[in-house]
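Right, one structure below, let's go through it.
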Amino acid sequence: MNENPIGIFDSGVGGITIYDEIHKLLPHENTIYLADSKNAPYGNKSEEEIIEFSVKNTNFLLERGCKLIVVACNTASTNAVKYLRERFEVPFIRVQPAIKPAALSSKTKTVGILATKRTLKSDLLFETSQKFTQGIEVVEKVGEGLVSLIESDKIQTSEMNDLLIKYLQPMLEKDIDHLVLGCTHYPFLIPQIKKIVGNKVKIIDSGEAIARQTKNILNLENLLNKNNTIPYQYFYSNEDPDVLQRILNHYDGNLKVYKINF
Ligand code: DGL
């Protein structure tokens with residue numbers, strides 16, 4: 001079992017930002033990544049649909065022997081992980097917007113969060129906010145359209161820049177000093193976001209924390225791969241695989257994406 005892969009899924013290419021942190025921290029673990037890009041964006045779908053996609057993705061990864069599943073999507077994590085944990089025995093790691101560290105270190109007592117509609121509306125986010133943001137103003141913005149542009153390979157475009165200005169300007173007017181990226185697709189936009197918010201705003205995403213959490217759980221469950229060999233890494237996409245391939249090429253030119261009908 002220890003040599004079995006870690007399964008990672010997202011509504012598309014965004015979970016690669018999580019995969020990358022996991023691979024950096026656990027370089028000998030085998031991994032299987034599934035991009036359900038055909039159904040992206042999840043953020044505007046109903047909770048029932050998000051659960052249905054998440055169950056399908058989980059079954060896909062379990063059929064390939066995954067020993068643990070990382071739901072590398074805030075929208076699926078906040079809407080479907082509770083359901084998945086009740087139905088499957090495998091351990092699940094979920095991502096959620098890093099509001100707590102942002103709120104704890106904010107000096108202006110105002111933090112921004114950019115996420116999908118479904119993540120911002122979720123009970124999990126509501127509960128986290130209730131617990132950790134007493135006395136803090138949280139400026140929420142739905143990143144409408146951002147995931148679709150990323151999935152269509154339109155990261156460095158003026159269309160993207162215009163949307164980012166539209167969502168971030170109102171946050172700057174409220175004097176945020178932390179910006180929480182509540183969607184795993186958004187770290188691809190950090191260079192553009194930095195140009196808009198400047199260096200007084202700290203940008204926070206969950207990648208490193210999720211990688212540490214993955215390592216802790218594997219350790220606790222005695223599931224860490226003890227072999228120090230080069231791992232296998234499979235990437236699957238059920239939409240145009242070139243989009244995921246181009247993103248992966250930035251990390252490692254030897255990784256290959258397989259197209260699947262799913
Ligand atoms: N990467 C997903 C997330 O973290 C994108 C959601 C979507 O498909 O709308 O929420």
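Indexing begins at 1, ligand by ligand and atom by atom, following the structure's order. Keep in mind that what you see is a predicted model, and the values were worked out from it rather than measured.
- Scanning all protein heavy atoms for the shortest distance to atom 9 (O) of ligand 1 gives Gly43 N, 2.7 Å.
- The shortest non-hydrogen separation linking Ile155 to Gln192 is O-NE2, 2.6 Å.
- Numbered from 1 in the order shown, with element, the atoms of ligand 1 that lie under 4.0 Å from a heavy atom of Asp10 read 1 (N), 2 (C).
- Nearest heavy atom pair, residue Ala103 against residue Phe132, reads CB-O, 3.4 Å.
- For ligand 1, the atoms closer than 4.0 angstrom to any heavy atom of Pro41 are 7 (C), 8 (O), 9 (O).
- Both the backbone and the side chain of Thr184 come within 4.0 Å of ligand 1, counting heavy atoms alone.
- In terms of heavy atoms, Pro187 sits closest to Thr17 at CB-CG2, 3.7 Å.
- Relative to the ring axis of Phe88, Arg85 does not place its NZ or CZ within 45° and under 6.0 Å from the centre.
- Residue, atom and distance of the protein heavy atom nearest to atom 10 (O) of ligand 1 are Thr75 OG1, 2.6 Å.
- Heavy-atom proximity to Ser11, at under 4.0 Å, picks out these atoms of ligand 1: 2 (C), 5 (C), 6 (C), 7 (C), 8 (O).
- Atoms of ligand 1 lying under 4.0 Å from at least one heavy atom of Tyr42, given by number and element, are 7 (C), 8 (O), 9 (O).
- Under a 4.0 angstrom heavy-atom cut-off, Gly14 registers as lying outside contact with ligand 1.
- Using a 4.0 Å cut-off between heavy atoms, Asn74 contacts ligand 1 through both its backbone and its side chain.
- Contacts of Cys73 with ligand 1, taken as heavy-atom pairs under 4.0 Å, involve both backbone and side chain.
- Checked options Lys67, Glu3, His23; the residue passing with Glu29 is Lys67 (criterion: side-chain contact (heavy atoms from CB on, under 4.5 Å)).
- Using modelled atom types, one finds a donor on one side chain and an acceptor on the other under 3.5 Å when comparing Thr116 with Thr75.
- In plain terms, the two heavy atoms of Val13 and Ser37 that are nearest each other are N-OG, 4.3 Å.
- For the pair His185 and ligand 1, the shortest N or O to N or O distance falls below 3.5 Å.
- Closest approach of Thr108 and Asp177 over heavy atoms only: N-OD2, 3.1 Å.
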